[in-house]
Amino acid sequence: MEYTKQEFMAVATGREIRDGELIILGVGLSMLAGYFAKLNHAPALRPFTEGGIYGATPVGGLPWGIECNRISANATSFTNAIDALGFLVASGRADNGVIGAAQVDKFGNVNTTGIWDAPPWKEGRYIPPRVRLNGSGGANDIAVGCKRYLIMASHESRRFMERVDYVSSPGYLDGGAAREKAGFVGGGPSAIISTLGILRPDPETKEFILDAYFPFTDVEEVRENTGWDLKISPEVRKVPEPTEQELANLRTVDATGSLRKKR
Amino acid sequence: MEYTKQEFMAVATGREIRDGELIILGVGLSMLAGYFAKLNHAPALRPFTEGGIYGATPVGGLPWGIECNRISANATSFTNAIDALGFLVASGRADNGVIGAAQVDKFGNVNTTGIWDAPPWKEGRYIPPRVRLNGSGGANDIAVGCKRYLIMASHESRRFMERVDYVSSPGYLDGGAAREKAGFVGGGPSAIISTLGILRPDPETKEFILDAYFPFTDVEEVRENTGWDLKISPEVRKVPEPTEQELANLRTVDATGSLRKKR
Amino acid sequence: MRNKLISLQEAVAAYTWDGMTYCNGAALPVGSDSIVFGVEMARQGRKDLNVICHCGSQQVNLLGAVGAIRRVEVGFSGLEVYGFAAGLNRAVTSGKTQIEDYSNGAMAMRLFGGAMNWPFVPATVNTFNDQQYCSCDEPDQYPCSKKIPLITDPFTGKQYGAFRTIRPEVAAIHVTMADIHGNAIMLGTEWNRFEMSRASEKVVLVADRIVDTDCMRQYPNLVRIIGEVVDAVVYWPFASYPQASCGLYDSDEEQMFYMNKMMKTEADTETFCQTWVHGWHTREEYQALIGREKIDKITDTATAFLLDPYRKWIKTDAEVEELEKDARG
Amino acid sequence: MRNKLISLQEAVAAYTWDGMTYCNGAALPVGSDSIVFGVEMARQGRKDLNVICHCGSQQVNLLGAVGAIRRVEVGFSGLEVYGFAAGLNRAVTSGKTQIEDYSNGAMAMRLFGGAMNWPFVPATVNTFNDQQYCSCDEPDQYPCSKKIPLITDPFTGKQYGAFRTIRPEVAAIHVTMADIHGNAIMLGTEWNRFEMSRASEKVVLVADRIVDTDCMRQYPNLVRIIGEVVDAVVYWPFASYPQASCGLYDSDEEQMFYMNKMMKTEADTETFCQTWVHGWHTREEYQALIGREKIDKITDTATAFLLDPYRKWIKTDAEVEELEKDARG
């Protein structure tokens, strides 16, 4: 079967989404994974965006943004950020969310803010980053508030780090009970779905370990592309190939083929 | 000229309202006074209600309430209580407001909550009132937030009290700098307009003194109907009679003649 | 989303219980409120209620009159130009019902904070006066220090109050139009129905009209209550009677005064309830009780034009009945 | 209320100044924003700006690229699928522009708190991570204790954060439709334009269409920005270009990429500005610059039907010009 790594990642993420969930979707891959799930196996999924677009499905291909007209043409409600990010997400009400990561660490903390030669936590002071990214957007709200959430990231050792430069969206912080102590209402990230496999947190230490790898790779390659000493689940398994139906559904959502253009 | 005391009170209150003000109006007399002002001398008045009805003028007579259809038939906007009472009033943004009082004291504190044989402040504890009134509604928000506001009350000694049973809507509290110390954003009541005359606060003590009396009464009668030792302004004056134009305008707003039925 | 239509009787049976924290409204006493839901609660004999509302309206007046309310948090308990709420006030002055007073603005802010799941909201109103000093929950302390405690602004060091936020167990919210999924449009001011729909654990809509979801797709910016947070939808024309519903009907002046007069005594309340609480069961019977003449009068409202854009999507009674059957499965 | 129509050039001259706290938006980078207002600010050479926005969009990208921004508080500075904001990022990494990061939710809550005139709002997000620990205003302290200080909930004793609230000096808000008094309808998500319109000391609307006030009277529930809080109204079709405006036009994919590419270097920014900032003055010239072909393409949007109910109240260009003349007196 022919598909790109990005497509596999979207399908694998979509499989993590359960029918009926109230789920907040971000732009790009996040939206594709979510709407793929709705079309594929979760018809009662209740997706929304952080600006408060409800009841919509994309038309004409991957929306350029979460306020793109492609996601606004058949909505049942438009509200606002206070509603979507506050009332439904920060409050702890949303079941699930999907966020992306430029860097992610072994406790599921995500950086989407910047790349530093001397990160603030190491330097003890805050200087402008060497590379500015986007900031957290709604991802911090999602990471703190959703009952659980999914992280999508390209699996490279410069992105899968022992400790990220800047925590934009907290996962399990320093691991163990650290997140609980912070008092966040949401439960934390339930999986990191990468371009190579699926990592899940150890129930005690909250360190992410390799739970499954994609058919086109193996445990060794995943470890090589991980910036920390990645632990492997004793039950590590190969992720089943996307079915033809799954790929067809994904491509119905990704009508413009955005995931096929990338590697 | 023939008019009721209530009509005179509405006209006198209306005269206190300046053109262009952003003003919150309550039900009954408050609305009549405000819309009378708009029709009579303040065409650029910007009245709104605490539920967030903007740009409207009443049709078919005195609205039964501030969400009555009589005030909803030509609005330019309907929003909500957070907007009207929060963003515009509690924030300190509104220029003026008009509230009613079951009891008012010499510092302009208003009670609309209940009548007690043993008021909480005297008893040192809170027991149910002998007579339950309505609670503060939006009046507390208005009293705290508006740049200034007007109080309307029937002038009787059982209502104009040395100290009210319960402060539902704070005026100048214990007088002097007490309100300032409380840190309220709004400036406090600028006048009490009664069925007999107009009281204004002394700039220093904040005690309300008689500034003017209606043509059908005199200083002595006003004092007799006041429950505290009412001071009289050295410049005390007689309030000019309503003009025919004023009465005509008032009765245009009060199409159902609600103020003519009462004494 | 699923079809959430449910009968009034089932809705009250499923979503209310003795001792619950119930939120109604949330309009002013002359306007939009889920009155018929409260009437059905009275019919089913709910009691010991902890009621949250910024304005009681005739719903809380009735529930107070029949002795169903243990405690009520309220901004305004009266009926505006229609007078004091005789039934609720009787319950309050007799000590049967405890009343906790806030301002209308405070109630909206507290629901907002509840919807946010904030621990408290800053209080710049209701402080340094008897709304802060008097609490029915702490009657022996005056001034009360626990109801609206003082906090310090970490940025300026100044003192402010703090309001307890509200997360009601169930809210019954009146809306003009809803679809079968619980997407709803309100005409007229929202009061705090937007915040209430997000703050409450369960939400039951009581809708004067059922519309096709296409109506929501044409006017998504009007859909301020979303199916995503709604558990059940009750179709009930004149749900707010004898109060008004913007775009549909005016308040019934005669009935507003009559009802409140009857609430004054236990005996008259009983008489009133025989007809107006126990004397009907179906939508048809309810409208028959109101009577054709009254219906003609109150639906001749100056706001009727506000409904015009949506009329083509409104379901007929027969269509709604079919949908109700579908919902029952 | 008075006729508040004003030209774009006059609006920028009257309502913006060097060193001001300016709030834009407030949509996401692909949607509704008062872009043309920021472009005119660049043309008039505004500098030293303190910008508040939850999402920068191409407006802040441009203002950053031309070096007009001293400091920006932001939730999301990128352009979504169109990439990182090259111009703003160049200003940030060079140290020219200080950036203070919050989440999008936090920015909305802080504007809400500003509209309320609250001293702070409770922070349940952005805490215990680098949004709290890093501040451009206190660079030498890590973790920073002043940006989002900790407070104690007086009801439970638990610790929470506190957000500084925001009261911008001026907000330029893009809306779909406005009347001459400043009543406005937004199609698509509001983001935080409702809160922003109440939090800001001055509000300038930048409207794609001018409609008759009768439109507002038919749809008062859609009028979320009210003339009561608006100071000026600028009529500008394609005000959000090259971003989208729900119901009217899609984002111009080619121009979005091109503009961002040009922001990468000072020289290319200069080239871009010659055409797109300094190369036009009137609405007609601006549309000519975009070009008929592009306009046809972007106005062929799947959301066009959302505008249908309001078309009959939309003023033609000639009618608006008359109204603009009236406003000048």
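These numbers were taken from a predicted model, which means no experiment stands behind them. Chain identifiers are assigned alphabetically (A, B, ...) following the order of the sequence lines, protein sequences preceding nucleic acid strands; residue numbering begins at 1 within each chain.
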How far apart are the closest heavy atoms of C:Ala162 and D:Phe155, and which atoms are they? O-CZ, 3.5 Å
If one checks every heavy atom of C:Phe163 against chain D at 4.5 Å, the contacting part turns out to be backbone
Looking at D:Pro309, D:Gly105, D:Pro220, which has the largest count of heavy-atom pairs under 4.5 Å with chain C? D:Pro309
Residues C:Arg217 and D:Phe305: closest non-hydrogen pair is O-CE1, 3.5 Å
To the nearest 0.5 Å, what is the distance between CG (D:Asp153) and CH2 (C:Trp118)? 13.0 Å
For residues D:Phe120 and C:Tyr160, establish whether the separation of their ring centroids is below 6.0 Å. no
Structural part of C:Leu306 lying under 4.5 Å from a heavy atom of chain D: both
Can you tell if the side chain of C:Pro122 reaches within under 4.5 Å of the side chain of D:Pro122, non-hydrogen atoms only? yes
Candidate pair D:Phe112 and C:Met116, rule side-chain contact (heavy atoms from CB on, under 4.5 Å), full reasoning: CA-CA 12 Å; D:Phe112 179 93; C:Met116 279 290 188; over 6 Å; no
Under 4.5 Å from a heavy atom of chain C, the part of D:Lys158 involved: neither
Where on D:Met109 is there a heavy atom nearer than 4.5 Å to chain C: the side chain, the backbone, both, or neither? side chain
Side chains of C:Leu222 and D:Leu222 in contact at under 4.5 Å (non-hydrogen atoms): yes
Using the rule given for side-chain contact (heavy atoms from CB on, under 4.5 Å), can you reason through D:Leu187 versus C:Asn221, listing the C-alpha separation, both sets of side-chain angles and the distance that settles it, and then say yes or no? CA-CA 7 Å; D:Leu187 299 184; C:Asn221 282 96; 4.0 Å; yes
Per-residue tally against chain D (heavy atom, under 4.5 Å) across C:Thr152, C:Thr156, C:Val121, C:Leu150 peaks at C:Val121
